[in-house]
Amino acid sequence: MYLRQQKKLEERLRTVLRELYQVEVEKIVIEQPPEIKFGEYASPIAFELARKLRKAPRKIAEEIVAALEKVEGFAGFEVAGAGYINARLDRGAAVQAVAAGGEIEEFAEHLHSLVEHTSINPNKAAHVGHLRNAILGDTFVRLLRAAGQKVDVQNYIDNTGVQVADIVVGLMHLEGMSLESVKALMARLSARGERIDYYCWDLYARVSQWYEADEEEKHARRQVRLATLHEIERGGNEAAAVGEMVSTAVLRRHLETMLRLGIEYDLLPRESEILHLKFWDLAFEQLKSKGVLYFESEGKNKGCWVMRRAGSEAPVETDDPEAGPDEDAKVIVRSNGTVTYVGKDIAYHLWKFGLLGRDFAYRRFFAYAYHECWISAESGEAEHPHFGGAQAIYNVIDSRQSDPQANVIEALRGLGFAEQAAHYTHFSYEMVALTPRCALELGYDVPEEDRGRPYIEVSGRKGFGVKADDLIDQLVAATQKEVDERHPELDEAERRQIAKEIAVGALRYFMLKYTRNSVIAFDLRDALSFEGETGPYIQYAVVRTRSIFRKGETAADVALADVNSVDASPYLTGDEADEIWQVWLRAAKTSLLLEQCIQAAEPAYLARHAFQLAQDFSNFYRKHHILTEPDPARKTFLLATAAVTQRELIRALGWLGISAPEAM
RNA sequence: GCGCCCAUAGCUCAGUUGGAUAGAGCGAUUGACUACGAAUCAAUAGGUCGGAGGUUCGAAUCCUUCUGGGCGCGCCA
């Protein structure tokens, strides 16, 4: 409702400005006044026009207000302060509109989008940093779908990279295992109920140390690593088979971990197929023919195919032979003929946009309750969904990779795909780090020089960090304890279900409440908190509304339909009424928030909005007792207030991937 | 050396395109369960928005510069 009225007001203002002053204003700024008593919308447009029209802002505002006359849905307009134009909604009409309209008001373009997130190297357990990535990505997927977009969810698997090679080195060289004994190890772990990704977490840290441990052996050990990597890339040998087996098992564990948080994928494209299906060869031809890549015959990059780095100045046309080569250029093909990471990424992104001219084969990999997750393959099933060929893509990748991401975009633009480049979003976010205090509490050795730092980066290589499953386990244990104490009357299965929902709500909200470019200095105590600005606080508000309808022997949808027969306006004026109106106003803004979140690629806005609505409701709930209200018309209205809160909170929580339990 | 990000209450963070008196949560102090569930609510204290200039009717927000911190910048992936 709020967004629709805002657009109406915008249009009306535009018309008035045209008629009064013959001016076209590109952007009409409309905001919410600092206090609800000033109305629901405010525009400082008169200030902006003051200079152009050589007139006092207050005078302009008065003229505009006079010209606005009557606009449907608005109670009136007035001038305030030095020249603000304030608009008041017709509150009674607004309540009816909000109660009746449960649908999303405005849709962004109906694009076919592709969101890639999670993308954990399949060589160790997922940790808190990966959780931030997956939760951000999954939430954004839900937002896009809510806005009517068709979205494919992809989780890119680097199954042939150095990190997997490190695990293979660990198994085959440190542990002296063969393919058969690795199989036996996996069977043993599985029989004991141990997690393969946890085993790899420790092994990976050991291997990383082993490379560095002995100065004399260092070079030889690096050679082992490199040789293993090449065997894995080539395929068809024992190291590759071990890598394939272990990385696939770890990948399954990642999918299970994420499923605990309600996160699902449609496709797992793997690097092994990008290599073996020779995606790069096709991309290379395009890049060469369009002149994006050129062969360097001089300087430090002699013998390489390079491209101009994103953000660097276009080379000045010069005949000066002394100018020399662009030493800052990005190497895409090495002098030994192998392609770099960015090169492979360019090929992969051409595929994402349907511009490569080749496709993966596909196999079913993982079954969810309502759909299946597919994986790339060299040869696969004849029938499969269509993947790739998206109009817009979002890559959820941490901010440290902004340079390589910019280079991929630059390559697309160089190839003439300006439209695609414009719809390529590096959905970047800052890392999750541990506070030194938290690291110490978890039993890690923190070097003296690090103790004064604000935070310490999580590192899989060092085995330093909080594993995702451990964190979820701890959260579930903590919520289980609370639920058991509060609800001895419920049976165990119900209590377990509630505890799980609250734990997921706490974790997802914790990861979403920070804006993307703020580093999360992870603190276990904050993450385990269920009070204040947390997921459980919002869930609790919903539980309260459920309880009201249960006790009142009615239902939210009935309450929303009933308010139709009541004139709510008497209950919406005066100081006492402002806090009730505040609930309706906030509830009316969900569509606006959806639009803003998508436009800014920032889920945190919605997280905050949901919290504020829960807070408005809690405030209202304390002051106005619904079920004992003697005036039947007013009671109907108060019930509808609880109902609209419930409807909007459940919807917003759903987009955040958080469910609302029946009790808690 | 170059590039990107950050600095707002004791702590953790909001403040979206520049707009009215800079807001939350936690922590602190005080109060509220004989009414819909206290995982709650109310109240109080707490700020030269890192420093200095500038642009503007108006700056936490934009520009310049300095300080302090983080992250990138490879013929690694």
Side-chain angles (χ1 to χ4, degrees), chain A residues 27 29-31 33-35 38 42-44 47-48 50-51 56-57 80-84 86 121 158 160-165 226 229 271 300-306 309 311-312 328 330-336 338 340-342 344-345 398-404 406 428 430-431 433 435 453-455 457 479 482-483 486 502 506 513-515 517-521 523 525-526 529-534 536-537 539-541 543-552 596-597 599-600 602 604-605 608 611-612 615 618-619 621-629 638-639 642 663-664:
Chain A
K27 191 174 53 196
V29 176
I30 293 183
E31 57 204 13
E35 280 185 71
F38 290 125
S43 180
F47 296 107
E48 201 179 310
R51 177 199 287 270
Y84 285 93
N86 290 344
N121 270 300
D158 184 6
T160 52
V162 276
Q163 295 211 21
V164 168
L226 207 59
L229 174 62
E271 190 185 54
K300 68 167 189 170
N301 294 331
K302 185 175 177 183
C304 298
W305 287 88
V306 301
R309 200 173 284 274
S312 65
D328 190 42
K330 177 73 196 162
V331 173
I332 302 299
V333 180
R334 303 182 188 99
S335 55
N336 67 5
T338 57
T340 61
Y341 163 73
V342 171
K344 281 179 276 194
D345 222 22
D398 77 67
S399 64
R400 286 172 292 194
Q401 295 208 44
S402 58
D403 279 2
S428 84
E430 281 291 338
M431 61 177 172
T435 61
R453 298 173 51 158
Y455 44 79
E457 187 181 349
T479 51
E482 286 291 319
V483 175
R486 288 162 193 256
I502 297 170
K513 74 177 185 179
Y514 301 94
T515 47
N517 60 4
S518 126
V519 176
I520 297 182
D523 190 298
R525 281 182 235 176
D526 290 343
S529 162
F530 310 129
E531 288 165 16
E533 196 187 345
T534 63
Y537 175 96
Q539 292 173 312
Y540 188 67
V543 166
R544 279 176 151 172
T545 63
R546 291 199 200 282
S547 176
I548 290 166
F549 293 113
R550 199 164 45 237
K551 283 260 163 68
Q596 289 175 333
C597 285
Q599 190 266 325
E602 183 52 272
Y605 296 158
R608 177 158 293 269
F611 172 69
Q612 286 170 335
Q615 212 174 26
S618 297
N619 183 302
Y621 173 90
R622 268 283 148 190
K623 282 204 175 129
H624 304 274
H625 203 265
I626 300 169
L627 294 180
T628 55
E629 171 59 44
L638 294 180
L639 277 169
M664 66 186 280

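As a basis for the values below, the full set of heavy atoms in this structure was taken, side chains included, without hydrogen atoms, waters or symmetry mates. Residue numbers begin at 1 in each chain, while the letters A, B, ... track the order of the sequences. This structure is a prediction, so every number in the text was calculated from the model and none was measured.
A donor N or O paired with an acceptor N or O is found under 3.5 Å between the base of B/A39 and the side-chain atoms of A/R486. On a pure distance criterion of 3.5 Å, no polar donor-acceptor pair joins the side chain of A/S399 and the base of B/C5. Residue-to-nucleotide contacts include no donor-acceptor pair under 3.5 Å from the side chain of A/D345 to the base of B/A77.
Using a 4.0 Å heavy-atom distance criterion, A/D328 is classed as making no nucleic acid contact. Across all strands shown, A/E35 has heavy atoms under 4.0 Å from base atoms, whether or not it also approaches the sugar-phosphate. Backbone-only engagement by A/E457 is indicated by non-hydrogen atom pairs under 4.0 Å involving sugar-phosphate atoms exclusively. In this structure, A/P33 reaches the bases: a heavy-atom distance under 4.0 Å links it to at least one base atom across the strands shown. Using a 4.0 Å heavy-atom distance criterion, A/K27 is classed as a base contact. Among the heavy atoms of the strands, none lies under 4.0 Å from A/T534. Counting non-hydrogen atoms under 4.0 angstrom, A/Y455 reaches the backbone sugars and phosphates but no base. No engagement by A/Q539 is indicated, since no non-hydrogen atom pair under 4.0 Å with the nucleic acid exists. Residue A/F611 is classed as a sugar-phosphate contact, given heavy-atom separations below 4.0 Å to backbone atoms only. Residue-level contact check: A/V29 touches neither bases nor backbone, having no heavy atom under 4.0 Å from any strand. Note on A/A604: nothing from the nucleic acid sits closer than 4.0 angstrom, heavy atoms only. A/K330 comes within 4.0 angstrom of nothing in the nucleic acid, heavy atoms only. Residue contacts for A/Y537: at a heavy-atom cut-off of 4.0 Å it reaches the sugar-phosphate backbone alone, with no base atom in range. At a threshold of 4.0 angstrom between heavy atoms, the contacts of A/V483 include nucleobase atoms, whether or not backbone atoms are also involved.
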For A/Y514 and A/E430, run side chain to side chain contact (heavy atoms under 4.5 Å, CB included): C-alpha distance rounded to whole Å, both residues' side-chain angles, the deciding distance at 0.1 Å, then the answer. CA-CA 10 Å; A/Y514 301 94; A/E430 281 291 338; over 6 Å; no
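Distances were taken from every side-chain heavy atom of A/T515 (C-beta onward) to each of B/A14, B/C36, B/U16; the shortest belongs to B/A14. Nearest to the side-chain atoms of A/R544 among the listed nucleotides B/A38, B/A24, B/C5 stands B/A38. Distances were taken from every side-chain heavy atom of A/H625 (C-beta onward) to each of B/U16, B/U21, B/A35; the shortest belongs to B/A35. Distances from the side chain of A/S618 to the nucleotides B/C36, B/U40, B/A77 place B/U40 closest.
Between A/R525 atom CZ and B/U12 atom C1' there is a gap of 13 Å when expressed in whole angstrom units. Computed from coordinates, the A/R453 CZ to B/G69 P distance equals 11 Å when rounded to whole Å. Regarding A/N619, its CG atom lies at a distance of 15 Å from the C1' atom of B/A38, rounded to whole Å. The nearest whole Å value for the distance from the CD atom in A/E531 to the C1' atom in B/C11 is 17 Å. Between the CD atom of A/E430 and the C1' atom of B/G69 there is a distance of 12 Å, given to the nearest Å. Note: CG (A/D398) to P (B/G70) measures 17 Å, nearest angstrom. Rounded to whole angstrom, the span from the CG atom of A/D526 across to the C1' atom of B/G27 amounts to 11 Å. Rounding to whole angstrom units, CG of residue A/N517 and P of B/A7 are separated by 8 Å.
The side chain of A/Y341 places no N or O atom within less than 4.0 Å of a non-bridging phosphate oxygen (OP1 or OP2) of B/G74. The side chain of A/Q615 contributes an N or O atom lying less than 4.0 Å from OP1 or OP2 of B/G25. A close approach under 4.0 Å does not occur between any side-chain nitrogen or oxygen of A/R309 and OP1 or OP2 of B/C73. Between A/R622 and B/A38 there is a side-chain polar atom (N or O) within less than 4.0 angstrom of OP1 or OP2. Under 4.0 angstrom from either OP1 or OP2 of B/A14 there lies at least one side-chain N or O belonging to A/S518. Contact annotation: A/R334 side-chain N/O to B/C76 OP1/OP2 distance is under 4.0 Å.
Across the strands present, B/G72 finds its partner in B/C2; the criterion is a Watson-Crick or G-U wobble pair with both atom distances under 3.5 angstrom. Across the strands present, B/A42 finds its partner in B/U30; the criterion is a Watson-Crick or G-U wobble pair with both atom distances under 3.5 angstrom. Pair assignment for B/C11: B/G25, on the basis of Watson-Crick or G-U wobble contacts that are both within less than 3.5 Å.
By the 4.5 Å heavy-atom criterion applied to side chains, A/V164 and A/D158 are not counted as neighbours. Between A/F611 and A/K513, the closest side-chain pair of non-hydrogen atoms is not below 4.5 Å. Using a 4.5 Å heavy-atom threshold, the side chains of A/V29 and A/P44 count as touching. Within the 4.5 Å cutoff, the side chain of A/E271 has heavy atoms near those of the A/T160 side chain.
Here, B/G23 and B/U61 have their C1' atoms 15 Å apart, quoted to the whole Å. Distance noted for atom C1' between B/G18 and B/C49: 15 Å (whole Å). Only the P atoms considered, B/U21 is 34 Å distant from B/C66, to the nearest whole Å. Taking the P atom of each, B/A42 and B/U48 are spaced 27 Å apart, rounded to whole Å. When the P atom is compared between B/G74 and B/G15, the two are found 33 Å apart, to the nearest whole Å. The P atoms of B/U56 and B/A43 are separated by 42 Å, rounded to the nearest whole Å. Using P as the reference atom, B/U8 and B/A52 are 15 Å apart when rounded to the nearest Å. Annotation: B/U17 and B/C62 have their C1' atoms spaced 12 Å apart (nearest Å).
Among residues two or more places apart in sequence or in another chain, the side chain to side chain contact (heavy atoms under 4.5 Å, CB included) test is passed with A/V543 by A/M664. Residues satisfying the ring pair (Phe, Tyr, Trp, His ring centres under 6.0 Å) test with A/F47, not counting sequence neighbours, are A/Y84.
Nearest-nucleotide mapping onto RNA chain B: of A/I520 and A/N121, the residue sitting toward the 5' end is A/I520.
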